[in-house]
Structure formats: C-alpha cells, structure tokens
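In what follows, chains are A, B, ... by sequence order, proteins preceding strands, each numbered from 1.
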Number of protein chains: 2
Amino acid sequence: MKISTKGRYGLTIMIELAKKHGEGPTSLKTIAQANDLSEHYLEQLIAPLRNAGLVKSIRGAYGGYILTNEPSKITAGDVIRVLEGPITPVEGIEDEEPAKRELWIRIRDAIKDVLDNTTLEDLANHSDDNEHDGYMFYI
Amino acid sequence: MKISTKGRYGLTIMIELAKKHGEGPTSLKTIAQANDLSEHYLEQLIAPLRNAGLVKSIRGAYGGYILTNEPSKITAGDVIRVLEGPITPVEGIEDEEPAKRELWIRIRDAIKDVLDNTTLEDLANHSDDNEHDGYMFYI
DNA sequence: AAAATCCTTAGTAAATTGATAGGCATTAGA
DNA sequence: TCTAATGCCTATCAATTTACTAAGGATTTT
C-alpha cells in the first residue's frame, strides 16, 4: 500500500531535473543538498532511472544529469514503475478468485489513472497553494 | 504500494464469514482448509479484527467467528485499515511539498473510493464471471 | 594536476513479512 | 464427567526489504 523512499526520492530527483530542463546538467550533490537527502543514496536511485533511459548522465566536473525527454512527456508512473516495480496492490492478481481479483484491478486502475496522468511538468510547475489542506488529514 | 497477505487473508476470512452470515459460527480451521492457508497465521490476523469489533468469537467446540454487522455494512476499507493501517501511499503526506502532496492525496482518495465502496456483500455475492480477463495483465 | 562529478560494489542495522511452535482456556456433545 | 473441538496467547524465527553508509575507481573540466 505504500510507496517507499525509492519512488519518493526518485520523483524528487526528476522534479528537480524538470525544473532545470534546458539549462544544462544538474548534479546529484545539488539535489541532495536542496532536499536534505543522502547523495550516496540518490546515486543508487538514479542508476535504474538512467538504465531505463529516463535521464542521461554527463560525467566529469560540472557534469550531472538531464532529462532525456520533455517534462510534459514523462509521467509520475514512468518514474514509479522503474523504482518500485509494476503498479499493483498485490502480487499475482491473476491467482485471486474473481471477487478479490476485480477489487485489486479496480484499485490498480485507479492508481494508474492518477500516476499516468500526472507529468513532471505538472509537478514542477505546481504553485504553492494549499487548496487541499481542508481535508488533508482525513483518512 | 502493496497490500500484504495480512490484508488479503483478512479479506478472505471476512468474505467467508459473509457467505455464512446468519448460519452460526464458522471456525478458522474451516476457512484455513478451504483456502489452503495456515490456521495459526489466520489466528493472528483475526485477533485485530475481533479487537476492532468487526467479528465476534464463540469459544469452545463447534464455536468459531461471526460478523458483528451485515455484510452490506462492512467495507473492504474497514478490513484493510485494521490489518494494514491507514490507507495512504506514503507516510507523512503533510510533510511533502505541495506538488507531491497533492499527488499522494489524489492516489489516496482514489484507493479510498474503491475500498470504501466495496462491501463484503459485494465480494461474497460476486458471480464467477471473467469480464476483466481482457485487460487484466496490462500494467 | 586538481577538483568535481559519475559509477560500482559491498556491507549493514532495523523493520516487516509470513509464518511455526507450544500450550492454556472454554464449551458442546457423548 | 470426559473428550474433542475450538478460541486465545506468547514466543520465536528465517527471509526479505528498506534506507542507508563506506570505499574507492573512472571520467571530464578548469
């Protein structure tokens, strides 16, 4: 039910790169410091993002990472799938009996719908409004 | 992102009890055998369900468990919250910056919508159709 | 040459998962 | 009253995952 720090920090990295898109490479050190995260840990997270072709690295001094695509063309789902695996509430949906199977499928599709329709552009350009504060803590 | 066997087996228990609702208690042994699960493990899962008041136990020979409410009045969300904790894709949504915070809230609400609108009656009475087979494996 | 950066592998403490083991407490039915 | 069937409780544990830390090599710019 939870998305771990892999997916969350991974999104943080990608949002930072989206904000700097077109301005040359951004180093992990910069991103780690700006978000108070471990640079070493981020290195481990960006490796799969690079292998998946979502980012490109530029080595050496003044190097860093850049997005390989427009922020409007990369979704939160792209990032989460790489770092957390397939989007599904349970392993082996196909093995469940019909009633539960349909429940998991409805949940999966609901999550997919949100993640696949939210782009890095949406996330990077987001204003600092707080329109959701009113019901935020209702669980 | 995942619901563990706690929530899944817990739902299995509750669906079995819903099927037998009004017919007297059902033992964990019966449920464990019917679903090829460890009876001992199910005992650990039903304890919190009992503490939460979702089921009532009847001790002694020919005892077992019964639902404390109509299957139409108990939702999958009730069961999942007891066994998996609050429904949320991340811990500490309130600590995230607005862009990600809204993303997590949208995901949370989408999951809540499904879980809170699916009752044990829905799950117990489900026919064995396979209407979703066509796109089931698309992730 | 020096500094900044990416890249890779290894290790690790804590938590969670998914059980198993053993046995006591309670009750229905013979 | 005895016995079998059940619920109830505590402890233990192997495997996995999480969230890092550590160490150092490879590459490129200045």
Chemist: Whole angstrom is fine here: how far is it from CD1 in A:Ile58 over to P in C:dC6?
Modeler: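 Atom-to-atom, A:Ile58 to C:dC6, this comes out as 10 Å.
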Chemist: Could you tell me the separation between the CG atom of B:Leu49 and the P atom of D:dC8, rounded to a whole number of Å?
Modeler: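 It is 12 Å, rounded to the nearest whole Å.
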Chemist: Please, which pairs that meet side chain to side chain donor-acceptor pair (under 3.5 Å) have at least one residue in residues 42-67 of chain B, sequence neighbours excluded?
Modeler: B:His40-B:Glu43
Chemist: Give a yes or no answer on whether the side chain of A:Asp116 reaches the backbone of A:Asp113 with a donor-acceptor pair at less than 3.5 Å.
Modeler: no
Chemist: Tell me, for nucleotides 21-30 of chain C in 5' to 3' order, what letter each nucleotide earns: B for a base near a protein heavy atom under 4.0 Å, S for only sugar-phosphate near one, - for neither?
Modeler: BB--BBBS--
Chemist: Do the side-chain N or O atoms of A:Tyr9 get closer than 4.0 angstrom to the phosphate oxygens (OP1, OP2) of D:dT18?
Modeler: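 Indeed not, no polar side-chain atom of A:Tyr9 lies that close.
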Chemist: Are OP1 or OP2 of D:dC8 and a side-chain N or O of B:Arg50 less than 4.0 angstrom apart?
Modeler: yes
Chemist: May I have the list of side-chain donor-acceptor pairs in residues 10-17 of chain A shorter than 3.5 Å, sequence neighbours left out?
Modeler:
| from | atom 1 | to | atom 2 | distance (Å) |
| --- | --- | --- | --- | --- |
| A:Thr12 | OG1 | A:Arg8 | O | 3.0 |
| A:Thr12 | OG1 | B:Lys100 | NZ | 2.6 |
| A:Glu16 | OE2 | A:Asn35 | ND2 | 2.8 |

Chemist: Considering only NZ, NE, NH1 and NH2 on the basic side and carboxylate oxygens on the acidic side, decide whether A:Arg101 and A:Glu97 come within less than 4.0 Å.
Modeler: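 Result for this pair is no, no salt bridge flagged.
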Chemist: I want to verify a distance call: between C:dT5, D:dC20, D:dG7, whose nearest atom is closest to the A:Ser27 side chain?
Modeler: C:dT5
Chemist: Only distances under 3.5 Å count here; give the side-chain donor-acceptor pairs of residues 20-29 of chain B to other protein atoms, sequence neighbours excluded, each with its distance to 0.1 Å.
Modeler:
| from | atom 1 | to | atom 2 | distance (Å) |
| --- | --- | --- | --- | --- |
| B:Ser27 | OG | B:Thr30 | N | 3.2 |
| B:Ser27 | OG | B:Thr30 | OG1 | 2.8 |

Chemist: Residues in side chain to side chain donor-acceptor pair (under 3.5 Å) with B:Tyr9, at least two apart?
Modeler: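 Scan of B:Tyr9 (side chain to side chain donor-acceptor pair (under 3.5 Å), adjacent residues dropped) gives none.
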Chemist: Using a 4.0 Å cut-off on heavy atoms, which residues in residues 15-26 of chain A reach DNA chain D? List them by number, or say none.
Modeler: none
Chemist: Would you mind reading off the distance between B:Ile46 atom CD1 and D:dT6 atom C1', rounded to a whole angstrom?
Modeler: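 Those two atoms, CD1 and C1', are 12 Å apart.
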Chemist: Under the ring pair (Phe, Tyr, Trp, His ring centres under 6.0 Å) definition, can you give me all pairs with a residue in residues 69-115 of chain B, not counting sequence neighbours?
Modeler: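 Sorted result for residues 69-115 of chain B: empty, none.
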Chemist: Under the rule for side-chain contact (heavy atoms from CB on, under 4.5 Å), what residues qualify as partners of A:Ala32, not counting sequence neighbours?
Modeler: A:Glu39, A:Leu42
Chemist: Counting neighbours of NZ on B:Lys73 that are heavy atoms of other residues, nucleotides or ligands and sit closer than 6.0 Å, is the number greater than 12?
Modeler: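 Open: at most 12 neighbouring heavy atoms sit under 6.0 Å from NZ of B:Lys73.
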Chemist: Between the protein and nucleotides 14-17 of chain C, list every N/O to N/O distance that falls short of 3.5 Å.
Modeler:
| from | atom 1 | to | atom 2 | distance (Å) |
| --- | --- | --- | --- | --- |
| C:dT17 | OP2 | B:Lys6 | NZ | 2.8 |

Chemist: Let me know the distance between CG of A:Leu45 and C1' of D:dT21, rounded to the nearest Å.
Modeler: 14 Å
Chemist: May I ask you to verify if any side-chain N or O of B:Ser38 is less than 4.0 angstrom from the OP1 or OP2 atom of C:dT20?
Modeler: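 Yes, because at least one side-chain N or O of B:Ser38 sits under 4.0 Å from OP1 or OP2 of C:dT20.
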Chemist: Find the distance A:Arg8:CZ to D:dA19:P and express it as a whole number of Å.
Modeler: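 Spelled out: CZ on A:Arg8 to P on D:dA19 is 7 Å.
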Chemist: If hydrophobic residues (ILVMFWY) are linked whenever their side-chain heavy atoms come closer than 4.5 Å, directly or via other members, who joins B:Ile66 in its cluster?
Modeler: B:Ile58
Chemist: Who are the side chain to side chain donor-acceptor pair (under 3.5 Å) partners of A:Thr118, not counting sequence neighbours?
Modeler: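 Expected list: none.
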Chemist: Which whole-number value in Å describes the distance from A:Leu37 CG to D:dC20 C1'?
Modeler: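 It works out to 12 Å between those atoms.
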Chemist: Ignoring backbone atoms, establish whether B:Ser57 has a side-chain N or O less than 4.0 Å from OP1 or OP2 of D:dT6.
Modeler: no
Chemist: Roughly how many Å is it from CD1 in B:Ile3 to C1' in C:dG18, rounded to a whole number?
Modeler: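 One finds 17 Å between C1' of C:dG18 and CD1 of B:Ile3, rounded.
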Chemist: Please enumerate all residues that pass side chain to side chain donor-acceptor pair (under 3.5 Å) together with B:Ser4, with sequence neighbours excluded.
Modeler: B:Glu84
Chemist: CG of A:Leu83 versus C1' of D:dA19: gap in Å, rounded?
Modeler: 14 Å
